[in-house]
Amino acid sequence: MALKGSYVYKGITLSDAYVKVTNVSYSTNEYTNNQLKTAAVYNSDGSIKTEAVYENVVIKQNQGNYTAKIWKDKAHRDTVGKYEDQFALISGSFVMGVGATAKNPVIQAYTAMKAEDKWKDYTDA
């Protein structure tokens, strides 16, 4: 799995760039956030009729991070000894699904990339 498209970097255009995710990592963070449940109610004179009610809500964040390499084209990438001869190295992050029905993390990374404007015109390679 990879992406193919026109990549521009510092004035250099690779018209048939080959972009392959080479690493995906995952981290999770949970914290408690005190949120307003019911707003305060006021009397006509401005005094409080009913106090505001707050509740603690546990917020869970699942973050995926990816690294991808960009080669001039697939043929260059597939040439023996050229795997480490990439043109550029990029990285990004996305909200990672972790449930029983979540897709493979690499597929989630590509889906997140293609949702960004700079990768939207790339095709699956």
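Just the heavy atoms: all of them, side chains too, but no hydrogens, waters or symmetry mates, feed the values below. Note that the numbering runs from 1 along the sequence shown for the chain. Given the structure is predicted, the values throughout are model-derived calculations rather than measurements.
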Find out whether [X] and [Y] are in side-chain contact, i.e. whether some heavy atom of one side chain is under 4.5 Å from a heavy atom of the other.
{"X": "Asp85", "Y": "Lys72", "value": "no"}
{"X": "Met96", "Y": "Val24", "value": "yes"}
{"X": "Tyr42", "Y": "Thr50", "value": "no"}
{"X": "Val19", "Y": "Trp119", "value": "yes"}
{"X": "Gln63", "Y": "Asn29", "value": "no"}
{"X": "Glu30", "Y": "Lys60", "value": "yes"}
{"X": "Phe87", "Y": "Lys69", "value": "no"}
{"X": "Met1", "Y": "Tyr110", "value": "yes"}

Can [Y] be reached from [X] by stepping across I, L, V, M, F, W or Y side chains whose heavy atoms are under 4.5 Å apart?
{"X": "Val21", "Y": "Ile107", "value": "yes"}
{"X": "Tyr9", "Y": "Leu3", "value": "yes"}
{"X": "Leu14", "Y": "Tyr18", "value": "no"}

Hydrogens and angles aside, do Asn23 and Tyr66 bring a side-chain donor and acceptor to less than 3.5 Å of each other? no
When you compare the side chains of Asn62 and Thr28, does any donor N or O come within less than 3.5 Å of an acceptor on the partner? yes
Pairing residues for Glu51 by the side chain to side chain contact (heavy atoms under 4.5 Å, CB included) criterion, not counting sequence neighbours: Ile48
When rounded to the nearest 0.5 angstrom, what distance separates [atom1] in [X] from [atom2] in [Y]?
{"X": "Asn65", "Y": "Thr67", "atom1": "CG", "atom2": "OG1", "result": "8.0 Å"}
{"X": "Gln86", "Y": "His76", "atom1": "CD", "atom2": "NE2", "result": "9.0 Å"}
{"X": "Asn33", "Y": "Ile59", "atom1": "CG", "atom2": "CD1", "result": "5.0 Å"}

State, to 0.1 Å, how close Tyr122 and Ser6 come at their nearest heavy-atom pair, and which atoms those are. OH-O, 2.8 Å
Kindly give the heavy-atom pair with the smallest separation between Ala112 and Phe94, and that separation in Å. CB-CB, 3.4 Å
Examine distances only and state if a side-chain atom of [X] and a backbone atom of [Y] form a donor-acceptor pair shorter than 3.5 Å.
{"X": "Gln35", "Y": "Glu55", "answer": "no"}
{"X": "Tyr7", "Y": "Ile70", "answer": "no"}
{"X": "Ser47", "Y": "Asn43", "answer": "no"}

Given the side-chain rings of Tyr83 and Trp71, with only the six-membered ring counted for Trp, is the space between their centroids under 6.0 Å? yes
Residues Lys4, Asp16: salt bridge by 4.0 Å N-O rule: yes
Decide, yes or no, whether a salt bridge links Lys74 with Asp78 under the criterion of side-chain N to carboxylate O below 4.0 Å. yes
Asp124: what forms a side chain to side chain donor-acceptor pair (under 3.5 Å) with it, not counting sequence neighbours? Lys114
